[in-house]
2 protein chains.
Amino acid sequence: MSMKSKSTSELKASIHRVEEICKSNKLGLTEIRKQVFEIIVKNNIPIKAYEILDKISNINNKPSHPPTVYRAIDFLIENGFVHKLNSINSFVGCFHPNAHKECYFLICKKCNIYQECCDDSLKDRISKTAIHNNFVISNTTLEIEGHCLDCSQK
Amino acid sequence: MSMKSKSTSELKASIHRVEEICKSNKLGLTEIRKQVFEIIVKNNIPIKAYEILDKISNINNKPSHPPTVYRAIDFLIENGFVHKLNSINSFVGCFHPNAHKECYFLICKKCNIYQECCDDSLKDRISKTAIHNNFVISNTTLEIEGHCLDCSQK
DNA sequence: TAATATATGTTATGTTATAACATTGTAATG
DNA sequence: CATTACAATGTTATAACATAACATATATTA
Ligand SMILES: [Zn+2]
Ligand SMILES: [Zn+2]
Ligand SMILES: [Zn+2]
Ligand SMILES: [Zn+2]
């Protein structure tokens, strides 16, 4: 199972990708937004908003406040750079080549490691379900909780 | 789209079903648990914990407290009678014949109406994804947010 | 009855998220 | 350049969601 933490080069690439996308789309990747993104992607497990808040406060040597963090998160989610895992109120970076919003997640309840997936056939089936119900999708949450190989063997 | 509210007979049937399952499995369906279940299923849109709290307080003519409601909800979820919609912090009753835990939801962001689905091929694909990643599933959250037919036409 | 387990009551607090308004920075317009 | 408009951030306060901890009550069962 490829539930390992990201390499330094993968992190660099993902940060660089976001910078490029923002530049070409004229999105304001401000200092705080960048800091929040880096904190999220450098964490190898899903991170909570108030953990980000603590880290931001430390980095800048002054207390930050919740709205600062939540606004940055909103920006990052809107642009597909970050996903929220609703089942655990946590955030993860999107490591797929061109940031998007339709990822699925396996989340280990024991060690919190996670795996981002992007299964087209799954996406197709969900689309069909929606069409069949005359439903227009704006956002899909597919989170699979359970235990990873390591944790289920212990 | 069958996103209509439940008929009185459907409600009665779902309450009766829960009573029978509890009786045959020796689960303590206490007064409060029953009240909470009825409040949830009689609401035709997903309901929030503190809304349940208000209703319980009114029914019993005395203030209830959050733990009372959350404990009842926990019981109902554990036994597959109720689902939590993580994307909107709300609860819905399970209207499937034999209460279970693997339902999917279409949720209209505008009018809050919802549709409970149970697509086996979707379930299969999710299982395959899990197996492929050596992952043991304990719980799946699949919530599709968007707009229902009525709301997308307006 | 006494012991045990299950469920509920109660108080307090922890956690997650947003409203509202002030301030600052930046870019376009006259 | 000054003015205006807009985007982003700072700040205070509070709303919304959820649980810890411990006391009390109720039901089983030894
Ligand atoms: Zn992604
Ligand atoms: Zn694990
Ligand atoms: Zn169900
Ligand atoms: Zn609707």
Side-chain angles (χ1 to χ4, degrees), chain A residues 18 22-23 25-37 39-40 43 46-79 81-92 109 112 141 143, chain B residues 18 22-23 25-37 39-40 43 45-79 81-92 109 112 141 143 145:
Chain A
V18 166
C22 287
K23 199 184 287 178
N25 293 345
K26 297 205 197 311
L27 300 171
L29 184 61
T30 60
E31 190 54 30
I32 282 182
R33 289 168 176 176
K34 204 167 157 182
Q35 285 178 356
V36 170
F37 180 71
I39 288 168
I40 292 172
N43 211 61
I47 190 169
K48 289 176 173 288
Y50 278 73
E51 292 174 347
I52 297 171
L53 183 59
D54 286 345
K55 291 187 188 244
I56 282 284
S57 298
N58 284 330
I59 289 171
N60 299 314
N61 270 309
K62 60 171 183 180
S64 282
H65 306 284
T68 302
V69 168
Y70 281 103
R71 283 168 185 150
I73 290 171
D74 286 347
F75 168 86
L76 296 169
I77 290 176
E78 267 165 26
N79 295 295
F81 305 142
V82 158
H83 299 290
K84 174 171 186 185
L85 303 187
N86 286 309
S87 56
I88 55 172
N89 295 321
S90 299
F91 304 89
V92 296
K109 283 179 138 169
N112 286 319
T141 296
E143 295 163 23
Chain B
V18 166
C22 287
K23 198 185 286 179
N25 293 345
K26 299 206 197 308
L27 300 170
L29 183 62
T30 60
E31 191 54 28
I32 283 181
R33 289 169 176 176
K34 202 167 158 181
Q35 285 178 356
V36 170
F37 180 70
I39 288 168
I40 293 171
N43 213 59
I45 56 173
I47 189 168
K48 288 173 174 290
Y50 276 72
E51 293 174 348
I52 297 171
L53 183 58
D54 287 345
K55 290 188 189 243
I56 282 285
S57 298
N58 283 330
I59 288 172
N60 300 313
N61 270 308
K62 60 171 184 183
S64 282
H65 307 284
T68 302
V69 167
Y70 280 104
R71 284 168 184 151
I73 290 171
D74 286 347
F75 168 86
L76 296 169
I77 290 175
E78 267 164 26
N79 294 294
F81 305 143
V82 158
H83 300 290
K84 175 172 184 182
L85 304 186
N86 287 309
S87 57
I88 55 172
N89 296 320
S90 299
F91 305 89
V92 296
K109 283 178 139 169
N112 288 318
T141 296
E143 294 163 23
E145 289 179 281

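Worth saying up front: this structure is predicted, and the values here are computed from it rather than measured. Chain identifiers are assigned alphabetically (A, B, ...) following the order of the sequence lines, protein sequences preceding nucleic acid strands; residue numbering begins at 1 within each chain.
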Would you kindly give the [atom1]-to-[atom2] distance between [X] and [N], to the nearest whole Å?
{"X": "A/N60", "N": "D/dT9", "atom1": "CG", "atom2": "C1'", "answer": "12 Å"}
{"X": "B/L53", "N": "C/dT8", "atom1": "CG", "atom2": "P", "answer": "15 Å"}
{"X": "B/N86", "N": "D/dC17", "atom1": "CG", "atom2": "C1'", "answer": "12 Å"}
{"X": "B/I52", "N": "D/dC17", "atom1": "CD1", "atom2": "P", "answer": "11 Å"}
{"X": "B/E31", "N": "C/dT8", "atom1": "CD", "atom2": "C1'", "answer": "13 Å"}

Could you tell me which residues satisfy side chain to side chain donor-acceptor pair (under 3.5 Å) with [X], sequence neighbours excluded, listed by chain and number?
{"X": "A/N86", "result": "A/T141"}
{"X": "A/T68", "result": "none"}
{"X": "A/S87", "result": "A/E143"}

Grab the N/O contacts between the protein and nucleotides 27-30 of chain D below 3.5 Å, and write none if there aren't any.
none

With sequence neighbours excluded, tell me which residues meet salt bridge (Lys or Arg N to Asp or Glu O under 4.0 Å) with B/K34.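 Counting only residues at least two positions away or on another chain, B/K34 forms a salt bridge (Lys or Arg N to Asp or Glu O under 4.0 Å) with B/E19.
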
With sequence neighbours left out, write down each residue that passes side chain to side chain contact (heavy atoms under 4.5 Å, CB included) with A/P63, or none if nothing qualifies.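 Counting only residues at least two positions away or on another chain, A/P63 forms no side chain to side chain contact (heavy atoms under 4.5 Å, CB included).
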
Could you list the residues that satisfy side chain to side chain contact (heavy atoms under 4.5 Å, CB included) with B/I45, not counting sequence neighbours?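 Once residues adjacent in sequence are excluded, the partners of B/I45 under the side chain to side chain contact (heavy atoms under 4.5 Å, CB included) criterion are B/N43, B/N112.
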
Distances for protein N/O vs nucleotides 5-8 of chain D N/O pairs under 3.5 angstrom?
from  : atom 1 : to    : atom 2 : distance (Å)
D/dA8 : OP1    : A/R33 : NH1    : 3.2

So do A/K84 and A/V92 actually touch side chain to side chain, heavy atoms under 4.5 Å?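 No, too far: nothing below the 4.5 Å cut-off.
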
Counting C-beta onward and ignoring hydrogens, is there a side-chain heavy-atom pair between B/F81 and B/I40 closer than 4.5 Å?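 When only atoms from C-beta onward are counted, B/I40 and B/F81 do not touch, as no gap falls below 4.5 Å.
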
Tabulate below the donor-acceptor pairs under 3.5 Å that side-chain atoms of residues 49-61 of chain B make, not counting sequence neighbours, or state none.
from  : atom 1 : to    : atom 2 : distance (Å)
B/E51 : OE1    : B/K48 : N      : 3.1
B/S57 : OG     : B/L53 : O      : 2.9
B/S57 : OG     : B/S64 : N      : 3.0
B/N58 : ND2    : B/D54 : O      : 3.4
B/N60 : OD1    : B/Q35 : NE2    : 3.0
B/N60 : ND2    : B/Q35 : OE1    : 2.9
B/N60 : ND2    : B/I56 : O      : 3.3

Between the protein and nucleotides 12-22 of chain C, which nitrogen or oxygen pairs are less than 3.5 angstrom apart?
from   : atom 1 : to    : atom 2 : distance (Å)
C/dT16 : OP1    : A/K48 : NZ     : 2.8
C/dA17 : OP1    : A/K84 : NZ     : 2.5
C/dA17 : OP2    : A/Y70 : OH     : 2.9
C/dA17 : O5'    : A/Y70 : OH     : 3.4
C/dA17 : N7     : A/Y50 : OH     : 2.7
C/dA17 : N6     : A/Y50 : OH     : 3.2
C/dA20 : N6     : A/R71 : NH2    : 3.3

Please test B/F75 against B/V82 for side-chain contact (heavy atoms from CB on, under 4.5 Å), starting from the C-alpha separation and ending with a verdict. CA-CA 9 Å; B/F75 168 86; B/V82 158; over 6 Å; no

Any idea which heavy atoms bring B/F37 and B/V18 closest together, and the distance?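 B/F37 and B/V18 have their closest heavy atoms at CZ-CG2, 3.4 Å.
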
